[in-house]
**Student:** 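Quick one: structure below, then a few questions.
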There are 2 protein chains.
Amino acid sequence: MDSDATSLDRSALVDETASAIRARIMSGEIPIGAQLRQAELAAQLGISRTPIREALRQLQAGGLIEVLPRRGAVVRVPSPWEVREAYEVRAELEGLACERAVRRVTRTLLAELRGTNDVLRANERPPAPPGPGAPVSPTTIANDRFHTLIHEMAGNERLARTIRDINEAFPRNVSALVLQDDPRHRADNLAEHERIVAALEAEDAKLARREMRDHVLAAGEQLARWYERRTATVFRG
Amino acid sequence: MDSDATSLDRSALVDETASAIRARIMSGEIPIGAQLRQAELAAQLGISRTPIREALRQLQAGGLIEVLPRRGAVVRVPSPWEVREAYEVRAELEGLACERAVRRVTRTLLAELRGTNDVLRANERPPAPPGPGAPVSPTTIANDRFHTLIHEMAGNERLARTIRDINEAFPRNVSALVLQDDPRHRADNLAEHERIVAALEAEDAKLARREMRDHVLAAGEQLARWYERRTATVFRG
DNA sequence: CCTCGCGAAATTGGATCCATCGTTGGGACG
DNA sequence: CGTCCCAACGATGGATCCAATTTCGCGAGG
């Protein structure tokens, strides 16, 4: 019964399935703490439970979900502490990437970086309050592109992959929400991006590294605070 | 048919299976490039192919093995380039860990670090040439303990996990072999460890970071060279 | 009204089945 | 003698089956 969704008919079905599930968790369509029922997922994707289970094992290895024996899989609920730890590591790695990117910076790449910032500037007033499961906003795409570009400029696959792995351990839409929620955060974020571009243009590796490091740390702090408020709310309700 | 091996009867069978297979790859018992036959592994572990396949997905997510559609799983053969990239990242992360460890250093921990170095010093002449699949040597254990201790001292779970993930992407016995092969490498390794301990004792965070960074980079370079020689040999033979 | 307990339903997880694809060895042809 | 083709074999991968365990609901008892 191919109810809806993406038609997974290619050869790498398990990997595709894992991506599909990951995307639904990332977007918030499947919220934090939710149970992942194998039968349900199988029905929605129009496949049997076997590839579902293999896909869940992949997500488990990445730390996005937790598989409890005989109790099924659950989307992990990151603690503020975990978020801070992860973002300290990510800040270091993104800083390194930014430092390395200085060596490879070109006018074209700088222009593309500025392009992403233009999008951020234009969308300072977001069109709609993004709820969970909403399609990824232009702002988020521009943000991602900014970072991804720098990862590519760093010219180290493992570095890019490591950063990606850390990011994918947390439902990303959450961080997007944090950023888009508060106009002040958006402004800070844009200013930090612009300082990073300036440092790259000046080919000041140390400065670029420090700016990127601080930028990621600031974002992590906001995200951690969001989780703090969230857990506080949960305990009250 | 429970032929031999470890009796996997607990509830987290898939995770145990993954660990078992990983251990056999890490030790070199299953060499680089080898095919992982599901039926064979299942028979050896006395279970069916289903948990084997899930375990392979976990290993695939870690990057240790590669799963080609319809062609089964193969232990990845890292290129020297990949090794250098990975060790650049690892060097940065271990350097960070070492820098952070300065804040938490105690006499007890310093003593334990020195203890691992004593083992390295005592075993400058390794008892037997370690072949693939050999049990882990005291030297390797001491080496691991040295690094693990510092990771713990850093007090950041994610950092430790990230470093571990990178390490586990390469069959570890290879790097152990590289170290133990050449007396000169062993001596260098020991001297570097001692400099790191000295920097920790002096509570010089920046120095500790630099020493650890250089140490890991040096090890990575040796490992990359080993892979270069290996691929050269393979092409000849 | 709340708590405890039992039984049915739901869910997981390992084993097994079978269609499909890849591989290999042998034979025919150039 | 080398190359190509085909058939048989082997392996993978998705689907299905069934036992074991957890969860949920309902009712009895305090």
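Because only heavy atoms are used, hydrogens play no part in the values below, and waters and symmetry mates are left out as well, while side chains stay in. These numbers come from a predicted model, not from an experiment. Letters A, B, ... mirror the listed sequences (proteins, then strands); counts begin at 1.
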**Student:** Determine, stepwise, if the pair B:Glu99 / B:Arg213 fulfils salt bridge (charged side-chain N to carboxylate O under 4.0 Å, His left out).
**Tutor:** CA-CA 10 Å; B:Glu99 175 182 320; B:Arg213 195 185 124 90; over 6 Å; no
**Student:** Side chains of B:Glu88 and A:Leu159, heavy atoms from C-beta outward: is any pair under 4.5 Å?
**Tutor:**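 Sidechains of A:Leu159 and B:Glu88: no contact.
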**Student:** Applying side chain to side chain contact (heavy atoms under 4.5 Å, CB included), run through A:Thr50 and B:Arg53 and close with a yes or a no.
**Tutor:** CA-CA 10 Å; A:Thr50 309; B:Arg53 279 166 58 183; 3.8 Å; yes
**Student:** Between C:dT12 atom P and A:Leu36 atom CG, what is the distance in whole Å?
**Tutor:**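 These atoms are roughly 9 Å apart.
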**Student:** Nearest-Å distance, CG (B:Leu13) to P (D:dT21)?
**Tutor:** 14 Å
**Student:** Could you give me the CA-CA distance, side-chain angles and deciding distance for A:Glu94 and A:Ile150, then say whether side chain to side chain contact (heavy atoms under 4.5 Å, CB included) is met?
**Tutor:** CA-CA 8 Å; A:Glu94 294 246 24; A:Ile150 291 176; 5.6 Å; no
**Student:** Without decimals, in angstroms, what is the distance between B:Leu45 CG and C:dG14 P?
**Tutor:** 13 Å
**Student:** Note the angle between the end axes of the helix from C:dC1-D:dG30 to C:dG30-D:dC1, five pairs defining each, rounded to 10 degrees.
**Tutor:**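 The end-segment axes of the helix from C:dC1-D:dG30 to C:dG30-D:dC1 are tilted 10° relative to each other.
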**Student:** Just how far, in rounded Å, is P of D:dG14 from CD of A:Glu16?
**Tutor:** 11 Å
**Student:** Round to a whole Å and report the spacing from CD1 of B:Ile47 to P of C:dT16.
**Tutor:** 12 Å
**Student:** Answer whether the closest heavy-atom distance between the side chains of B:Asp15 and A:Val67 falls below 4.5 Å.
**Tutor:** no
**Student:** Are the side chains of A:Leu120 and A:Thr139 in contact, using a 4.5 Å heavy-atom criterion?
**Tutor:** yes
**Student:** For the pair made of CZ in A:Arg49 and C1' in C:dG14, what is the distance, rounded to whole Å?
**Tutor:** 10 Å
**Student:** I would like to know whether B:Glu228 and B:Arg84 meet salt bridge (charged side-chain N to carboxylate O under 4.0 Å, His left out); could you show each step before the answer?
**Tutor:** CA-CA 11 Å; B:Glu228 277 174 355; B:Arg84 287 202 173 84; 3.2 Å; yes
**Student:** Fit a plane to each ring of B:His193 and B:His147, take the angle between them on a 0 to 90° scale, and name the class: parallel (under 30°), tilted (30 to 60°) or perpendicular (over 60°).
**Tutor:** perpendicular
**Student:** Would a distance-only check, ignoring hydrogens and angles, find a side-chain to backbone donor-acceptor pair under 3.5 Å from B:Glu85 to A:Glu157?
**Tutor:**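 A pair under 3.5 Å: yes.
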**Student:** For each nucleotide in nucleotides 5-11 of chain C, reading 5' to 3', give B when a protein heavy atom comes within less than 4.0 Å of its base, S when such contact involves only the sugar-phosphate, and - otherwise.
**Tutor:** ------S
**Student:** What residues in residues 50-62 of chain A put a non-hydrogen atom under 4.0 Å from any atom of DNA chain C?
**Tutor:** A:Arg53
**Student:** How many whole angstroms separate atom CG of B:Leu41 from atom P of D:dA11?
**Tutor:**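 Going from CG in B:Leu41 over to P in D:dA11 covers 12 Å.
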**Student:** Here's a test for you: under side chain to side chain donor-acceptor pair (under 3.5 Å), which of B:Thr162, B:Asn167, B:Asp165 qualifies with B:Arg90?
**Tutor:** B:Asn167
**Student:** Only one of A:Glu54, A:Gln38, A:Glu40 forms a side chain to side chain donor-acceptor pair (under 3.5 Å) with A:Arg49, so which one is it?
**Tutor:** A:Gln38
**Student:** Quick one: is A:Ser48 getting a side-chain N or O under 4.0 Å of the D:dG14 phosphate, OP1 or OP2?
**Tutor:** no
